[in-house]
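Sequence lines set the chain letters: A, B, ... in the order given, protein chains first and strands last, and positions in each chain run from 1.
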Protein chains: 2
Amino acid sequence: MTSRKVVSFENIKVACKNCSLATLCLPMGLTPDDVERLDCIIKRGRPYHRGDHLYRGGDKFHSLRVITSGSVKTYSPNEDGGEQVLGFHLPGELIGLDAIQDDCHTCSAIALETTAVCEIPFSQLESLSAIMPSLQHQMYRLLSREIGQDTEMLTLLGKKSAEERLATFLLSFSERFKQRGFSASDFFLSMSRHEIGNYLGLAVETVSRLFTRFQDENLLRVERKHVQLLDIPRLYDIVQGSDSAKSSQSRG
Amino acid sequence: MTSRKVVSFENIKVACKNCSLATLCLPMGLTPDDVERLDCIIKRGRPYHRGDHLYRGGDKFHSLRVITSGSVKTYSPNEDGGEQVLGFHLPGELIGLDAIQDDCHTCSAIALETTAVCEIPFSQLESLSAIMPSLQHQMYRLLSREIGQDTEMLTLLGKKSAEERLATFLLSFSERFKQRGFSASDFFLSMSRHEIGNYLGLAVETVSRLFTRFQDENLLRVERKHVQLLDIPRLYDIVQGSDSAKSSQSRG
DNA sequence: CGAGTAGTTGACGATTGTCAAGATGGGTGG
DNA sequence: CCACCCATCTTGACAATCGTCAACTACTCG
């Protein structure tokens with residue numbers, strides 16, 4: 001009963017126009033009027049707890065989802081029982097785009113911590129986008145952006161060393177936290193080492209060793225999930241892949 | 001002058017409704033009436049020759065493109081001069097979707113052989129899709145499919161061995177050639193070993209050795225670009241990653 | 001407080017990349 | 001038509017990165 005109260009409270013109070021994520025999220029670039037219309041179709045349910053699935057591979061597709069707080073892991077189960085982690089998603093990020101294709105989720109999404117989401121029923125979004133050119137354009141852009149991000153990831157997995165992969169990973173979180181008004185150099189990672197390794201195509205042990213090594217080299221301080229980046233420029237050097245990282249160290 | 005004749009001939013003669021690729025391409029699932037309307041905005045230019053760029057990273061984005069004959073490689077130049085091959089595209093496949101995001105191509109596309117394409121001006125496609133729900137839906141589906149394909153590729157690069165990667169690569173072409181009415185077991189690859197290796201995240205030498213090994217194991221016959229798949233089921237076993245490939249061999 | 005999971009560290013080995021040399025083939029010009 | 005050249009491909013030897021196995025530690029949660 002308490003929870004029912006909370007839900008209805010949220011339904012009244014929370015709206016895109018008041019949401020701090022509006023500049024990162026679907027409403028990005030829409031006029032206030034258009035945002036209002038979009039808002040009408042959005043559903044806000046109760047939060048998920050750590051380990052809850054938002055959806056599973058094979059589920060019928062109804063809604064896209066935007067994380068509003070917390071974080072989510074998407075992954076696709078692969079034939080031999082294992083899984084491939086496809087992404088970690090922070091507030092403002094849209095998930096479920098892969099399911100449009102044949103009206104069925106191809107991957108699963110699970111909350112890494114207590115997580116709230118907005119659900120956007122896709123059929124309604126589609127109808128709305130047909131009469132709102134700005135929304136249609138925004139949808140095309142978001143889908144295209146997703147493709148662009150995936151191709152960056154392909155380069156990461158195809159060409160980069162373990163070191164470059166982890167540095168890229170950390171800087172990605174750094175930038176995304178910064179965008180969201182949090183510290184770019186001091187944050188908590190909500191996923192396990194195992195999940196990081198899986199995502200980056202590395203063994204857990206490699207990830208662990210790299211964290212230790214980065215710490216030894218004063219690039220960062222790490223204690224479990226708490227990460228403090230101490231030398232962001234040098235991490236960027238590492239991402240570039242050239243041997244410039246070492247020379248940059250001696251610079252300082 | 002000969003080419004001008006050919007072009008005008010094509011402009012009159014070639015149309016989606018007559019095109020054998022219609023079931024693979026944008027018109028897939030549209031009514032004949034809708035196909036007609038789509039056809040009006042499509043431009044068909046003269047063919048590209050091997051090595052010609054369809055577009056380059058940084059070019060302003062105007063049009064999506066569908067390959068109608070030949071084949072195309074897409075790649076993104078990465079900082080240190082190298083490149084990441086993002087895909088090889090056959091007739092009926094749509095490229096340029098990554099450029100919608102900020103009206104600018106993020107990767108380059110180059111013809112691997114003599115190649116013809118349909119150009120679809122995106123702004124017109126967007127307008128048309130706003131008044132043609134079926135086309136809008138088709139666009140969402142195609143964008144979503146692209147995302148799905150990219151995530152499969154992420155699994156390939158993140159989790160699979162060299163052997164599994166090459167087998168997956170070969171079967172992908174086998175299936176796609178089959179879909180297009182060609183032989184699933186006897187075909188020419190239009191790209192070099194180097195490009196295959198780059199795409200699969202492997203060194204050229206590894207690709208070469210694997211071709212030799214697959215041939216030694218009677219999985220295929222290969223001579224330069226000409227590939228004949230001799231044991232497709234066993235190639236599928238290899239893709240699965242389990243050790244079943246070996247046992248499957250002793251079965252036969 | 002105890003048990004189980006997650007993380008760390010070390011030793012070792014396998015897969016794959018790198019370097020180098022040689023083979024093959026297609027295309028061009030004499 | 002032949003010879004030559006250059007790019008592509010193949011093959012071998014070796015090295016390095018990273019994965020696997022195993023033991024141990026440190027949290028977390030009931």
Min and max contacting nt of DNA chain C in 5' to 3' order, chain B heavy atoms within under 4.0 angstrom, are C/dT16 to C/dG25
Between A/E217 and A/R213 (salt bridge meaning N to carboxylate O under 4.0 Å), is one present in this structure? yes
Going by atom types alone, do A/E152 and A/T155 pair a side-chain donor with an acceptor below 3.5 Å? no
Just checking B/K178: does its NZ atom have more than 12 heavy atoms from other residues, nucleotides or ligands closer to it than 6.0 angstrom? no
Please assess A/E164 against A/S161 for the test side-chain hydrogen bond (donor to acceptor under 3.5 Å, both in side chains), listing each intermediate value before the final yes or no. CA-CA 5 Å; A/E164 292 165 302; A/S161 69; 2.9 Å; yes
Residue from B/L202, B/I196, B/V239, B/V207 passing side chain to side chain contact (heavy atoms under 4.5 Å, CB included) with B/F169: B/I196
Quantified as the angle between the terminal helix axes (five pairs each), what is the overall bend of the helix from C/dC1-D/dG30 to C/dG30-D/dC1 to 10 degrees? 40°
Pairwise side chain to side chain donor-acceptor pair (under 3.5 Å) hits with a residue in residues 82-98 of chain B, at least two apart: A/K159-B/Q84, B/K73-B/E83, B/T74-B/H89, B/E93-B/R176, B/E93-B/R180, B/D98-B/T106
Residues 181-189 of chain A side chain polar contacts: donor-acceptor under 3.5 Å, at least two apart:
residue : atom : partner : partner atom : Å
A/S183  : OG   : A/S185  : N            : 3.0
A/S183  : OG   : A/S185  : OG           : 3.4
A/S183  : OG   : A/D186  : N            : 3.0
A/D186  : OD1  : A/H226  : NE2          : 2.7
A/D186  : OD2  : A/Q228  : NE2          : 3.4

Whole angstrom value for the distance that separates P of D/dT20 from NZ of B/K159: 11 Å
Give me, pair by pair, the N or O atoms of the protein and of nucleotides 6-9 of chain D that are less than 3.5 Å apart, along with how far apart they are.
residue : atom : partner : partner atom : Å
D/dC9   : OP1  : B/R193  : N            : 3.4
D/dC9   : OP1  : B/K225  : NZ           : 3.3
D/dC9   : OP2  : B/R193  : N            : 3.1

Polar pairs (N or O, both sides) under 3.5 Å between protein and nucleotides 17-19 of chain D?
residue : atom : partner : partner atom : Å
D/dC18  : OP1  : A/A162  : N            : 2.8
D/dG19  : OP1  : A/G201  : O            : 3.3
D/dG19  : OP1  : A/A203  : N            : 3.3
D/dG19  : OP2  : A/A203  : N            : 3.2
D/dG19  : OP2  : A/T206  : OG1          : 2.4

